[in-house]
Amino acid sequence: MPEQGVALRRMGFLTIGSFDPADPGPGHETTLEVVELGEQLGFDSAWLRHRHLQPGISSPVAVLAALSQRTSRIHLGTAVTPLGWENPLRLAEDLATVDVLTGGRLEPGVSVSTPMQYERVKAALYPDTADVEDFGYERVLRLQRFLRGDPVTDFAGTEGIEVFSDRVEPHSPGLADRLWYGGASLASARWSGEQGINLLASSVVRSEDGSSDFAAIQAGHLEAFRAAHPTGRTSQGLVVIPTDTATAAQRARYQAYVDARTPRTREPQGPGRLLFAPDVIGSSEEIAAQLWAHAGFRLVEEVAFALPFGFEHEDYVQILTDMATRLGPLLGWAPAP
């Protein structure tokens, strides 16, 4: 096994929350059950992806509100909410409300860019302002200011029988410090650090020089962030599939899933030059060896391992159980009591 780096301090997992569009209830319930299991296994955090117009969770904040009543310890996050679909002021109210309901366990992760399929959806999303909307970093800074409690109006007081605040209510102290940015480029990583926003290093990076070395690119992003914000938090998200207690049928399905996704990891994809991380599959010992050799992993103390898409509930139970009982300890992690 390669020389080990810093022991893993916090281990979480990420799920897309898939469901059947013809009957979405069971899929949402399964997501709640998976996160409940994660808390029982001692995971530090559980994160929900944000999907629009797809059979994946479109409103993670609503699901996290439900989870606030079904969990008591595990931190709950979004990875990530694309702010191009959001009004930062309204989102700040929702996030603060859920943070209050969780007792301060919310970890909101966001990103900015033009929304996916924008030409097809802009008439519905921004019927009057589609051509002037700003999808840049300022959207994140607005959200950060609102979560911090900065004024959003020049009036606070009473009009008639109505009492008004000049800040987002409820206000949840500390929530702004738990804001994360999902950055795929060197510039985004550096910007996050400069703004004091934690960095989510995901399974997709932008190959700005044509390199196909995902780990090296990601390590460069993490180093740039750390140079700008030495005390900031960083987390890495890779698709990790331990097979220790998997059945032969499960192993075969898992390997077929990885094999189908591997070609896109060999070189940058599309005009954005996006490079996808290879999925990590094998026994916990094999996975630990690969992670300790990963230049990006060696620079973080927190992870949110991504669960593969479209698996069955029993598959997620096996994967999460192996992560918590076998893989985590090999990475220096201990489950929360």
Side-chain angles (χ1 to χ4, degrees), residues 11-80 98 102 105 107 109 202-203 237-261 279-284 286-287 303-329 333 335-336:
M11 185 168 75
F13 64 93
L14 166 67
T15 179
I16 195 173
S18 300
F19 57 83
D20 179 354
D23 187 16
H28 282 75
E29 176 62 27
T30 293
T31 297
L32 299 179
E33 292 173 357
V34 164
V35 176
E36 288 180 290
L37 173 63
E39 178 165 87
Q40 294 164 15
L41 290 170
F43 280 89
D44 298 292
S45 60
W47 305 73
L48 302 182
R49 287 191 186 273
H50 206 141
R51 286 292 183 266
H52 291 293
L53 308 180
Q54 294 179 286
I57 291 174
S58 62
S59 183
V61 177
V63 175
L64 295 178
L67 283 166
S68 75
Q69 306 304 294
R70 294 176 62 158
T71 61
S72 61
R73 177 199 54 78
I74 194 169
H75 278 227
L76 305 169
T78 60
V80 288
V98 173
T102 64
R105 293 185 284 131
E107 306 266 352
S202 77
S203 57
L238 300 174
V239 176
V240 172
I241 311 176
T243 59
D244 302 271
T245 63
T247 65
Q250 284 175 316
R251 290 193 189 98
R253 282 192 290 104
Y254 298 172
Q255 190 61 58
Y257 174 88
V258 171
D259 290 345
R261 287 160 50 92
D279 299 335
V280 188
I281 185 172
S283 69
S284 289
E286 292 168 335
I287 292 174
V303 295
F305 290 137
L307 296 176
F309 303 158
F311 282 20
E312 299 298 325
H313 181 63
E314 56 267 26
D315 299 333
Y316 295 133
V317 171
Q318 175 265 310
I319 291 170
L320 288 174
T321 302
D322 282 0
M323 281 185 186
T325 61
R326 297 169 182 257
L327 177 59
W333 174 83

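This is a predicted model, so every value here is computed, not measured.
In this structure the side chain of P308 reaches within 4.5 angstrom of the side chain of I241, judged on heavy atoms. With a 4.5 Å cut-off on side-chain heavy atoms, I281 and Y257 do not count as touching. A 4.5 Å side-chain heavy-atom check between H75 and D44 finds every atom pair outside the cut-off. The closest side-chain heavy-atom distance from M11 to L327 is not below 4.5 Å.
Between the side chain of T31 and the main chain of G27, a donor-acceptor pair closer than 3.5 Å is present. Between the side chain of R73 and the backbone N or O of F43 there is at least one donor-acceptor pair closer than 3.5 Å. Judged by distance alone, the side chain of H50 and the main-chain N or O of A79 form no donor-acceptor pair under 3.5 Å. Panel note: side chain S45, backbone L76; no donor-acceptor pair is recorded below 3.5 Å. With hydrogens and angles ignored, the 3.5 Å screen pairs a side-chain donor or acceptor of T78 with a backbone N or O of G109. Formation of a donor-acceptor pair under 3.5 Å by the E286 side chain with backbone atoms of P242 is not found in this model. Without hydrogens or angle criteria, R49 side chain to L14 main chain gives no donor-acceptor distance under 3.5 Å. For T243 (side chain) and A246 (main-chain N/O), no donor-acceptor pair under 3.5 Å exists by modelled atom type.
The CG atom of D244 sits 4.5 Å away from the CG atom of D322 when rounded to the nearest 0.5 Å. Rounding to the nearest 0.5 Å places CG of L320 at 11.0 Å from CG of D315. The line from CG of L307 to CD1 of I319 is 6.5 Å long, rounded to the nearest 0.5 Å. Residue I57 holds its CD1 atom at 8.0 Å from CZ of F19, rounded to the nearest 0.5 Å. The distance from atom CD1 of I287 to atom CG of D279, rounded to the nearest 0.5 Å, is 10.5 Å. To the nearest 0.5 Å, atoms OG (S18) and CZ (R51) are separated by 9.0 Å.
Of all heavy-atom pairs spanning L64 and G77, the tightest one is CD1-O, 3.9 Å. In terms of heavy atoms, R105 sits closest to I74 at NH1-O, 2.6 Å.
Checking T245 against R326 by side-chain atom types alone, no donor-acceptor pair falls below 3.5 Å.
A ring-centre distance under 6.0 Å is not found for Y316 and F13.
Aromatic ring orientation, F311 versus Y254: parallel (interplanar angle below 30°, classes split at 30° and 60°).
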